[in-house]
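Naming: A, B, ... by sequence-line order, numbering from 1 per chain.
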Protein chains: 2
Amino acid sequence: MEQSRRGGQPTLRDVAERAGVSAMTASRVLRDDPQVLPATRERVRAAAAALGYRPNEVARSLRLGRGTGLVGLVVTNLANPFYSRLALGVDSVLVQGGLKTVIGNTGQDPHAERELVADLVARRVDGIIAVPAGADQRHLAAAVAEGVPVVLASRPPEGFAADCVLVDDFGGAHAATARLLDRGHRRIGFLGSPPAVHTGTERLRGYAAALADAGLSADARLIRQGQTEPHEATRAATELLALPEPPTALFCSNNRNTIGAFRAIRAHRARRAAGEAEVALAGFDDFELADALGLPLTLVAYDSDELGRAAGRLLASRLRTGGPPAPPREIVVPTSLVEYGG
Amino acid sequence: MEQSRRGGQPTLRDVAERAGVSAMTASRVLRDDPQVLPATRERVRAAAAALGYRPNEVARSLRLGRGTGLVGLVVTNLANPFYSRLALGVDSVLVQGGLKTVIGNTGQDPHAERELVADLVARRVDGIIAVPAGADQRHLAAAVAEGVPVVLASRPPEGFAADCVLVDDFGGAHAATARLLDRGHRRIGFLGSPPAVHTGTERLRGYAAALADAGLSADARLIRQGQTEPHEATRAATELLALPEPPTALFCSNNRNTIGAFRAIRAHRARRAAGEAEVALAGFDDFELADALGLPLTLVAYDSDELGRAAGRLLASRLRTGGPPAPPREIVVPTSLVEYGG
DNA sequence: CTGTTAGCGCGTTCAG
DNA sequence: CTGAACGCGCTAACAG
């Protein structure tokens, strides 16, 4: 484990010198080119091992023009379990192809997202997997135009061609809302993410469609969109429950809203008149400890790791076959209803 | 937004050609070198904009020898909120220095971790932030020896010099155990991660020390180490509760064990004889919904985002000052006890 | 103010 | 079987 230069890693030439051969021969040995005399090969191998040599991947990718073996992952908030599971799913598939995942956390800021994508492209990532925060996807379209494959997760591409993995947002929301209706609820509130988010609008559509199927129409006063964090959802839910004619059930379009609504309902429980029925709760996204809340809970579940894995597979296959020629693919991950007991 | 070559991004020479200057001049303009005639500058700028040019960061880092602007983050399981928060904290600091985070998820596999670190070094990351899974840290020592700064999070370096950020494991565990003792518990079980993990052993030490302070000695029959996932912890806790002389309280060394133990206690509640007191629960790590479990719960809380941010800051400052010369620093994040009501 | 030369570390091409 | 030359895209150093 000697060092040949101040603090730096050894280079191919260091190995070659030590083995008494040219850099070219060393390169061949290290890439398992058979055209080398066994004796020479051994000398080079020994030298490389002694120096702890590892080829400089930066130089390789520049030379080979093949990209960097890196994939950018663009999400809004890694602390949200939805995104961290997605990240894990993506990474678990990509590592099998020798690819590594670069985190891009945008914190909901569209400008940061634009910069991030541009930077990833400048870094010559082999591809990008993104869950765009807003409706404007031109920065992603630009990446595609420059030859960087993009896979969208949980949102469809708008205005350009790209592979994507979606959740059955409409169907899941419809099923959950229908379940509440089946139980006799007629005034069902809706809590969701900002209207610009695709999943939010699709889930709202599913909710409204289920109401329509039951001969009801969505009541705008019972719909609150725009909550991103649980505490915002708690406030929104509390407001709904304080209405003159409050909803008897709530449907939430994601885990942040469900958790927030749960807290509101629990607080409301204390103030409730005797005999008054508890507000029913349903939501999109399963989450850890959902079974432990002491409240009946209907959740729209799906395999969120699989969402990431599917995105990773789409990108990996796209990289294998090269570029945009093949038509874009869309994968829809199915949902199912889960009931947690009170 | 024209393209000069098939699918590839435009190069500096494409810009130069289009502007009718040499590559060198174009380079100067794009790096805001003042030594350029304003008119020329405008021509180059226009050409770059028209082509959508972005400098190839791979080539730049090779040329400048300054590293890649990437930092490797080595953790065992990104789906664990502890690690995803850490990742977010790290990334939030690093982006401010123009650095990006590369995920390395090892899934507890020491071999995968070795490979991962070697690969990150080969990719010429500027530094590594790691939460090593096992006791063997030679791969990290090797990275340091090759000039790659390493910062450890939540474990101290073993056998080499590196900055690290620790949680007050001993103090937190001691305080939580003392709290249980104050409440009159004398038979307190312990559930923890595998003994090889530093936090696990430190927290066990804190637990044992608190018992000793109360004139008690740790009872090996009440100690279960090795649980990594909640379901394993549930089984271990269930076994403890089924002992002839079961513990009246449990202390868990991390959130996975606390959640697992919670489920065991809840199940046990149903089978409990009337009048028998409920098993008390305390644990290390705060977590979402801890307040909603319907069980009194004492948790050792700390700012887990700050853990990541501190690690990021240590690395960033190390990169600024360059290399290992300065003595290694150790930051300890304090803990506090949080009580959640039943 | 601008262009030429040279080379970061590696691998392809083509001669020895 | 091995080596010398060339270039990936970019920029520091030195011309002009």
Taking A:G69's backbone N and O only, do any of them form a donor-acceptor pair with A:D126's side chain (distance below 3.5 Å, no angle check)?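 At least one qualifying donor-acceptor pair exists.
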Please confirm whether the backbone N or O of B:G107 pairs with a side-chain atom of B:N77, one donor and one acceptor, at under 3.5 Å?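 Checked: no pair found.
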Phosphate OP1/OP2 of [N] contacted by [X] side-chain N/O (<4.0 Å):
X: B:R31; N: D:dA12; result: yes
X: B:Y53; N: D:dG9; result: no
X: A:S27; N: C:dG11; result: yes

Is it true that [X] and [Y] make a salt bridge, defined as a side-chain N closer than 4.0 Å to a carboxylate O?
X: B:D119; Y: B:R123; answer: yes
X: A:R138; Y: A:D136; answer: yes
X: B:R45; Y: B:D32; answer: yes
X: B:D14; Y: B:R54; answer: no

State, without any angle test, whether A:S22 and A:R13 hold a side-chain donor-acceptor pair at a distance under 3.5 Å.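 No pair is found: no donor N or O on one side chain lies under 3.5 Å from an acceptor on the other.
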What are the atom names and distances for every N/O pair under 3.5 Å that joins the protein to nucleotides 1-5 of chain D?
| from | atom 1 | to | atom 2 | distance (Å) |
| --- | --- | --- | --- | --- |
| D:dT2 | OP1 | A:T40 | OG1 | 2.6 |
| D:dT2 | OP2 | A:L37 | N | 2.9 |
| D:dG3 | OP2 | A:S22 | N | 3.1 |
| D:dG3 | OP2 | A:S22 | OG | 3.2 |
| D:dG3 | OP2 | A:T25 | OG1 | 2.5 |
| D:dG3 | N7 | A:R28 | NH2 | 2.7 |
| D:dG3 | O6 | A:R28 | NH1 | 3.2 |
| D:dG3 | O6 | A:R28 | NH2 | 3.3 |

Which residue pairs pass the salt bridge (Lys or Arg N to Asp or Glu O under 4.0 Å) test with at least one member in residues 304-316 of chain B, sequence neighbours excluded?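 Every salt bridge (Lys or Arg N to Asp or Glu O under 4.0 Å) pair that includes a residue of residues 304-316 of chain B, provided the two are not neighbours, is B:R85-B:D305, B:D303-B:R309, B:E306-B:R309, B:E306-B:R313.
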Salt bridge (charged side-chain N to carboxylate O under 4.0 Å, His left out) partners for B:R63, two or more places apart: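 Checked B:R63 against salt bridge (charged side-chain N to carboxylate O under 4.0 Å, His left out); zero matches.
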Tell me every residue that passes salt bridge (charged side-chain N to carboxylate O under 4.0 Å, His left out) with B:R43, counting only those two or more places apart in sequence or in another chain.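 Scan of B:R43 (salt bridge (charged side-chain N to carboxylate O under 4.0 Å, His left out), adjacent residues dropped) gives none.
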Strand-adjacent residues in residues 58-66 of chain B, judged by heavy atoms under 4.0 Å from DNA chain C: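 B:L62, B:R63 - these, ordered by number, are the residues of the stretch whose heavy atoms sit under 4.0 Å from the strand.
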Between the opening five pairs and the closing five pairs of the helix from C:dC1-D:dG16 to C:dG16-D:dC1, how far apart are the helix axes, to 10°?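 Axis angle across the helix from C:dC1-D:dG16 to C:dG16-D:dC1, nearest 10°: 50°.
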